Student: 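One structure, as structure tokens, below. Some questions next.
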Amino acid sequence: MTPEPGPDRLDALLAQVLGSVAGEDARLRELVGGVVTHLHAFVRETRPTEAEWLRAVDFLVRVGHTCTETRNEFILLSDMLGVTSAVDEVNHTGPPTMTPSSVEGPFHSPAPPRPLGAWIAEGPERRRGEPTVVHGRVTDCDGVPVAGAVLDVWQADDAGHYDSQDPEQPDGNLRALLTTGPDGAYWFRTVLPSSYPVPTDGPVGELLRAIGRHPMRPAHIHVKVRAAGHRPLTTHVFVAGDPYLGSDAAFAVKDALVAAFRPSAGPRFGMDGPFLAAEFDIRLVKEGDPR
């Protein structure tokens, strides 16, 4: 039996490694030192075998090999471990009236500029999906309208696929760059998104299966907002009633981001027949807000 290393030897090893962390960037030294300290503590606590450690290294190598121009397996891994949401939490505090932020996810890509009220669904989902209008106002945290705010919107279709995953969808489908008018209002027409599984054909999917977790994300629409003089915001609009709201694989659901998609009827919002309507107001934090 291999004798257990004494705490003095492990302490000396950690001190030696931390002592080698140098350079002029104090923040980099702090971050690297923190990672080293926590990794050494993990080894002390769990005592992985050499085979287990090599398997973990191989897993990370395969995560890297899975990344492409349209797929970032490392972001997916961060999302599935809740780390992305934790980083989001520590970086986006502010007034209680602000719209909460949420994770960006791995499917963001450049969106085409579109006018307010545009149909952003241009693929086969336009025929089969449930017509939907999303509307609201962009204001600051005191309710003052923000004109000229740019909303970057993207979503999956009614079958849970983004354009980058579905060859039947044209590039830029279910994506839009929208600019608010003087009253801060925005609106667009689309189809109701579906809940969907994150990609499970790579190493992250293997991990989820190994630990007995489902890969499902509740139905949602992503929104990034930028406006002069205000802090940028990345968030979600979740569909109320989705069965996965309480077990989002990315741990990104916040109560304030869940919106009711209510039945409505035309003629409204340029819609002639029945449709779903969701109102989602967005409150941005002013730069320099002491709250």
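Since we're looking at a predicted model, the values are computed, not measured.
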Student: Among residues two or more places apart or on two chains, list those pairs meeting side-chain hydrogen bond (donor to acceptor under 3.5 Å, both in side chains) that have a residue in residues 254-283.
Tutor: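 Counting only pairs at least two positions apart or across chains, the side-chain hydrogen bond (donor to acceptor under 3.5 Å, both in side chains) contacts touching residues 254-283 are Asp88-Lys254, Glu89-Lys254, Ser264-Arg268.
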Student: Ignoring hydrogens and angles, state whether a donor on the side chain of His222 or Tyr162 is under 3.5 Å from an acceptor on the partner side chain.
Tutor: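 Side-chain D/A pair, His222 to Tyr162: present.
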Student: Assess, by modelled atom type and distance only, whether the side chains of Arg71 and Thr66 contain a donor and an acceptor separated by less than 3.5 Å.
Tutor: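 No, no side-chain donor-acceptor contact under 3.5 Å.
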Student: Any side-chain heavy atom of Val133 within less than 4.5 Å of one from Thr190?
Tutor: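 Val133 does not reach Thr190 side chain to side chain.
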Student: Are Trp154 and Phe107 close enough that their ring centers fall under 6.0 Å?
Tutor: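 Trp154 vs Phe107: aromatic centres not under 6.0 Å.
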Student: Considering only heavy atoms from C-beta outward, does the side chain of Arg62 approach that of Phe59 to under 4.5 Å?
Tutor: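 Yes - at least one pair of side-chain heavy atoms lies under 4.5 Å apart.
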Student: Measuring only between side-chain heavy atoms, which start at C-beta, is Leu284 closer than 4.5 Å to Val225?
Tutor: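 Leu284 reaches Val225 side chain to side chain.
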Student: Taking Ser85 for the side chain and Asp79 for the main chain, is one N or O donor matched with an acceptor at less than 3.5 Å?
Tutor: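 Looks like no, no N/O pair under 3.5 Å.
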Student: Do any N or O atoms from the side chain of Thr200 and from the backbone of Gly205 form a donor-acceptor pair under 3.5 angstrom?
Tutor: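 Between the backbone of Gly205 and the side chain of Thr200 there is no qualifying donor-acceptor contact (under 3.5 Å).
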Student: Determine whether Val57 and Leu77 fall in the same hydrophobic cluster, where Ile, Leu, Val, Met, Phe, Trp and Tyr are linked whenever their side-chain heavy atoms lie under 4.5 Å apart.
Tutor: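 Val57 does not cluster with Leu77.
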Student: Before giving the answer on side chain to side chain contact (heavy atoms under 4.5 Å, CB included), spell out for Val134 and Ile221 the whole-Å C-alpha distance, their side-chain angles and the decisive distance to 0.1 Å.
Tutor: CA-CA 10 Å; Val134 180; Ile221 298 172; 3.8 Å; yes
Student: With sequence neighbours left out, what residues match Phe238 under ring pair (Phe, Tyr, Trp, His ring centres under 6.0 Å)?
Tutor: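 Partners of Phe238 by the ring pair (Phe, Tyr, Trp, His ring centres under 6.0 Å) criterion, ordered by chain and then number, come out as His220, His236.
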Student: Is there side-chain contact between Trp119 and Arg114, with at least one heavy-atom pair below 4.5 Å?
Tutor: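 No; the side chains remain at least 4.5 Å from each other.
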Student: Between His135 and Tyr186, does the ring centroid distance fall short of 6.0 Å?
Tutor: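 No, too far apart.
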Student: Please name all residues satisfying side-chain contact (heavy atoms from CB on, under 4.5 Å) with Glu168, sequence neighbours left out, ordered by chain then number.
Tutor: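 Partners of Glu168 under the side-chain contact (heavy atoms from CB on, under 4.5 Å) test: Pro124, Asp166.
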